[in-house]
> 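Submitted below is the structure of interest, expressed as structure tokens.
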Amino acid sequence: MNFDFQDLSGTFSTLDIVVALALSFVLSATIGWVYRFTHKNVSYSQSYVQTLVLVGMVIALIMLVVGSNIARAFALVGALSVVRFRNAIKETRDVGFIFLVMAVGMTTGTRFYVLAIAATVTICLVLIVMSKMNWYKLDVQRQVVKVQVPPEQAYAARIEDVLIEFCSEHELVSTESVRAGALNEMYFTAQLKKGRKSGDLVSALNEVNSGQRVTVLTGYDQTDL
């Protein structure tokens, strides 16, 4: 029995492999540092950033293997389609970084080295500028107001009057019965008027709801009485 062993690595040189993998590592690592530098929330994950670097290098390797061979491309698509990811993306910007390192891996793997470097530098600078200048920030602080009142309709009207006095806008989200129907719990979204404090709103609501529970939640504080 004859075995015909054929190594196809000769379709690209050792230098191509080294340059593609090394450059994809450097550029993906740079993107990872930019992600770390511009991240502002508490959901930062070291594992996610390391995965960004890994994805960039793996995509570069895949593109080296595929080359211009359509059959290999379809074979790899079929093989990768069995992979299922269970982890939910915590922030929408994380998806953008995944696509960025994939693009870097594709460009380095297909040996568009100048394009890969130029795109990484340009996009990373844009990300840093947007982060430092705080672009697209919306300075609107909204509150979630939860009020428990007796089921009589008069109490709901009093709550509305207080919200009109303290809030520039408000909207009833839901009403549900609690404590076996002894109380109604009303949920509102609201925006306090300038100069008004959430503690003052809680005090005013307590005066008209027979001393039942009132909760005001904001993006910055919580007042619960």
> Walk me through it: do R93 and T38 pass the test side chain to side chain contact (heavy atoms under 4.5 Å, CB included)?
CA-CA 11 Å; R93 71 191 297 269; T38 58; 2.7 Å; yes
> Flag yes if more than 12 heavy atoms outside F112 fall under 6.0 Å of its CZ atom; otherwise flag no.
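Counting neighbours around CZ of F112, 12 or fewer heavy atoms of other residues, nucleotides or ligands fall under 6.0 Å, so no.
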> For L21, is there any backbone N or O sitting under 3.5 Å from a side-chain donor or acceptor partner on S24?
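It does hold such a pair.
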> Counting only N and O atoms by type, is there a donor-acceptor contact under 3.5 Å from the side chain of Y187 to the main-chain atoms of V147?
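Checked: no pair found.
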> Should L61 and I17 be counted in the same cluster of Ile, Leu, Val, Met, Phe, Trp and Tyr side chains packed under 4.5 Å apart?
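Same cluster: L61 reaches I17 through Ile, Leu, Val, Met, Phe, Trp or Tyr contacts under 4.5 Å.
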> I need the minimum non-hydrogen distance between A190 and V145, along with the two atoms involved.
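The pair with the smallest heavy-atom distance is CB-CG2, 4.4 Å.
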> Can you tell if the side chain of Q153 reaches within under 4.5 Å of the side chain of Y155, non-hydrogen atoms only?
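No; the side chains remain at least 4.5 Å from each other.
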> Check the surroundings of atom NZ in K132: do more than 12 heavy atoms from other residues, nucleotides or ligands lie under 6.0 Å from it?
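Not buried by this count: 12 neighbours or fewer within 6.0 Å.
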> Determine whether V65 and M63 make a side-chain contact, defined as any pair of heavy atoms from C-beta on separated by less than 4.5 Å.
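Side-chain contact under 4.5 Å: no.
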> What's the separation between atom CG in L115 and atom OG1 in T120, rounded to the nearest 0.5 Å?
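Answer rounded to 0.5 Å: 8.5 Å.
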> Is there a path of hydrophobic side-chain contacts, each under 4.5 Å between heavy atoms of I/L/V/M/F/W/Y residues, joining L163 to V202?
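The answer is yes; both residues are in one hydrophobic cluster.
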> What donor-acceptor contacts under 3.5 angstrom involve side-chain atoms of residues 97-109, with partners at least two apart or in another chain?
| from | atom 1 | to | atom 2 | distance (Å) |
| --- | --- | --- | --- | --- |
| T107 | OG1 | A103 | O | 3.0 |
| T107 | OG1 | V104 | O | 2.9 |
| T108 | OG1 | V104 | O | 2.9 |
| T108 | OG1 | G105 | O | 3.1 |

> Give a yes or no on whether M186 and V173 share a hydrophobic cluster (residues Ile, Leu, Val, Met, Phe, Trp, Tyr; joining criterion: side-chain heavy atoms under 4.5 Å apart).
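No.
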> Under the ring pair (Phe, Tyr, Trp, His ring centres under 6.0 Å) test, which residues partner H39, sequence neighbours left out?
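Per chain and number, H39 pairs via ring pair (Phe, Tyr, Trp, His ring centres under 6.0 Å) with Y35, Y44.
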> For residues Q143 and H170, is any side-chain donor paired with an opposing acceptor at under 3.5 Å?
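Side-chain D/A pair, Q143 to H170: absent.
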> Could you tell me whether the side chain of T189 reaches within less than 4.5 Å of the side chain of E169, counting heavy atoms only?
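With C-beta onward as the side chain, the pair stays apart.
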> Is the closest side-chain heavy-atom distance between S45 and V49 below 4.5 Å?
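Heavy-atom side-chain distance check fails, nothing below 4.5 Å.
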> CZ/F188 to CG/L205 distance, rounded to the nearest 0.5 angstrom?
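Spacing of CZ (F188) from CG (L205) equals 8.5 Å.
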> Using the side chain to side chain contact (heavy atoms under 4.5 Å, CB included) rule, take K40 and N134 through it: C-alpha gap first, then chi angles, then the decisive distance, then the call.
CA-CA 11 Å; K40 295 182 179 180; N134 215 9; 3.3 Å; yes
> If two hydrophobic side chains count as joined below 4.5 Å and joins carry through other members, does W135 share a cluster with V126?
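Shared cluster, yes.
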> Can you tell if the side chain of L52 reaches within under 4.5 Å of the side chain of S28, non-hydrogen atoms only?
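The answer is no, as the side chains (C-beta and beyond) never meet within the 4.5 Å cut-off.
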> If hydrophobic clusters are built from ILVMFWY residues whose side chains come within less than 4.5 Å, do V34 and M130 share one?
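Yes, same cluster.
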> Identify the heavy atoms of Q212 and N206 that sit nearest to each other, and give their distance.
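That closest heavy-atom pairing would be O-OD1, 3.0 Å.
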> For the CD1 atom of I123 and the CG atom of L27, what is their distance to the nearest 0.5 Å?
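Here the rounded value is 11.0 Å.
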> What do the steps show when you test L23 against I117 for side chain to side chain contact (heavy atoms under 4.5 Å, CB included), and what is the final call?
CA-CA 8 Å; L23 186 58; I117 296 171; 4.0 Å; yes
> List the atom of I31, the atom of C124, and the distance in Å for their closest heavy-atom pair.
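Looks like CG1-SG, 4.0 Å.
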> To the nearest 0.5 Å, what is the distance between CD1 (I62) and OG1 (T110)?
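Here the interatomic distance stands at 13.0 Å.
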> Crowded around K197 NZ? As in, over 12 foreign heavy atoms under 6.0 Å?
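Not more than 12 within 6.0 Å, no.
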> Keeping the roles fixed (side chain from K146, backbone from V216), state whether a donor-acceptor pair exists under 3.5 Å.
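Not a single qualifying donor-acceptor pair exists.
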> Determine the minimum heavy-atom distance between C167 and L192, stating which atoms define it.
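Shortest heavy-atom contact: SG-CD2, 4.0 Å.
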> Quiz question: by atom type and distance under 3.5 Å, do the side chains of S168 and R196 form a donor-acceptor pair?
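Judged by distance alone, the side chains do not pair up.
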> For Q46, does the CD atom have more than 12 heavy-atom neighbours from other residues, nucleotides or ligands under 6.0 Å away?
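No - once you tally the heavy atoms of other residues, nucleotides and ligands closer than 6.0 Å, there are 12 at most.
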> Apply side chain to side chain contact (heavy atoms under 4.5 Å, CB included) to the pair E165 and K193, showing each step before the final yes or no.
CA-CA 9 Å; E165 178 184 354; K193 294 179 180 178; 5.6 Å; no
> State, to 0.1 Å, how close F166 and L201 come at their nearest heavy-atom pair, and which atoms those are.
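In this case the closest contact between F166 and L201 is CB-CD1, 3.8 Å.
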> Spell out, as yes or no, whether a donor-acceptor pair under 3.5 Å connects the side chain of N209 to the backbone of V149.
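Checked: no pair found.
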